[in-house]
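Worksheet: one structure, shown below.
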Amino acid sequence: MSAFRTPRWPRATLSGLAAAALLTAALPTAPPARAADRPGAVPPVPVRYTRQQLNWQPCAAKPSLECARMTVPRDWHHPDTGADLTVAVSRHRADGSARWRGVLMMAAGGPGASGLIRPADFVARSPAVGAAYDVVSFDQRGVGGSSPVRCQTDAEFQDFYAHDFRDRSPAALRGVLDRSRRLVAGCLRHSGALLPCLTTEQAERCPPRPAYGSPARACRPR
């Protein structure tokens, strides 16, 4: 079970903050930057990433969109180290009723929200944009259809939310912290090697633009 599913922010804010703080404290401190991490010494991206061809098919959850799976390195600073990750990507093609203007990239927030079917809702609300732009999105690493984080069983995760988060009594707050510690321990136990790679810095290095048939920049570390 992935710990990152559709969030229930009004009741989960406190527990989410507690879990995030605990997870940050639990992760190992990043090692000193190696030569490849310093400006001016970034390794080139292997061609297996920059020239991959995606197999576009109608999205199962939204057939008006096309979906595919894209391979990305676990660590953009060291693309030849560790197993690759998979990113689920989607696109809405411009309908041809207006002059094509390019590709519009969407990225879901959250953290933990899926972005895969968001282009459909966006173009339904903004048809003029959908007529001129290919609108694309993706599930960020660790989320949804992309390489997932495994933390708890469904029953354990349901118990995480099966409490009244409006209760600010000392006992309730201790319960939030205890459940958050168990969640973090599960993430570290089942996905500890992946967690250090689930950062904004890693995710934003290559939104899946080069495979959309546009002149957008190719993936590369920055």
Side-chain angles (χ1 to χ4, degrees), residues 2 4-7 9 42-80 82-149 194 197-222:
S2 172
F4 300 100
R5 54 171 58 180
T6 303
W9 299 117
V42 177
V45 178
V47 296
R48 66 179 182 274
Y49 302 118
T50 60
R51 296 182 183 177
Q52 61 186 295
Q53 299 296 313
L54 303 189
N55 179 26
W56 293 101
Q57 300 291 333
C59 297
K62 188 69 68 171
S64 61
L65 299 178
E66 294 178 319
C67 284
R69 297 172 70 80
M70 183 180 194
T71 301
V72 299
R74 178 176 296 255
D75 182 353
W76 280 104
H77 294 288
H78 309 99
D80 289 317
D84 288 337
L85 302 181
T86 298
V87 172
V89 299
S90 64
R91 67 181 178 185
H92 168 88
R93 305 298 296 270
D95 65 16
S97 62
R99 182 173 65 87
W100 189 79
R101 299 178 63 88
V103 176
L104 181 63
M105 168 67 66
M106 301 183 69
S114 171
L116 203 62
I117 65 172
R118 293 196 177 197
D121 296 331
F122 178 79
V123 299
R125 295 172 183 270
S126 305
V129 177
Y133 289 88
D134 292 345
V135 182
V136 303
S137 190
F138 61 107
D139 282 346
Q140 296 190 33
R141 47 178 63 199
V143 172
S146 297
S147 295
V149 169
L194 178 59
C197 301
L198 303 183
T199 65
T200 299
E201 188 266 346
Q202 288 284 347
E204 67 84 30
R205 284 183 178 274
C206 186
R209 283 178 275 187
Y212 287 107
S214 77
R217 69 160 177 84
C219 294
R220 64 180 185 276
R222 296 197 294 276

I'd like to know whether His92 forms a side-chain contact (heavy atoms from CB on, under 4.5 Å) with Lys62, so could you lay out the CA-CA distance, the side-chain angles of the two residues, the decisive distance to 0.1 Å, and finally the verdict. CA-CA 10 Å; His92 168 88; Lys62 188 69 68 171; over 6 Å; no

Measure the [atom1]-[atom2] distance between [X] and [Y] for me, rounded to the nearest 0.5 Å.
X: Asp75; Y: Asp84; atom1: CG; atom2: CG; answer: 11.5 Å
X: Leu54; Y: Glu66; atom1: CG; atom2: CD; answer: 10.5 Å
X: Met70; Y: Gln52; atom1: CE; atom2: CD; answer: 4.5 Å
X: Ser64; Y: Arg93; atom1: OG; atom2: CZ; answer: 13.5 Å

Treating [X] as the side-chain partner and [Y] as the backbone partner, does any N or O pair qualify as donor plus acceptor under 3.5 Å?
X: Arg74; Y: Ala83; value: yes
X: Arg118; Y: Met106; value: no
X: Ser137; Y: Pro119; value: no
X: Ser90; Y: Leu116; value: yes
X: Gln140; Y: Ala203; value: no

In chain order, what residues pass the side chain to side chain donor-acceptor pair (under 3.5 Å) check against [X], with sequence neighbours excluded?
X: Thr200; answer: none
X: Asp121; answer: none
X: Ser114; answer: Asp139

Between [Y] and [X], is there a side-chain heavy-atom distance shorter than 4.5 Å?
X: Phe138; Y: Ser146; value: no
X: Thr86; Y: Arg69; value: yes
X: Leu194; Y: Val149; value: yes
X: Trp100; Y: Asp134; value: yes

Would you say Arg101 has more than 12 foreign heavy atoms packed within less than 6.0 Å of its CZ? no

Which atoms form the tightest heavy-atom contact between [X] and [Y], and what is the distance?
X: Val89; Y: Trp56; answer: CG2-CH2, 3.6 Å
X: Ala94; Y: Ala131; answer: CB-O, 3.5 Å
X: Leu104; Y: Phe122; answer: CD2-CE2, 3.6 Å
X: Pro127; Y: Ala124; answer: CD-O, 3.9 Å

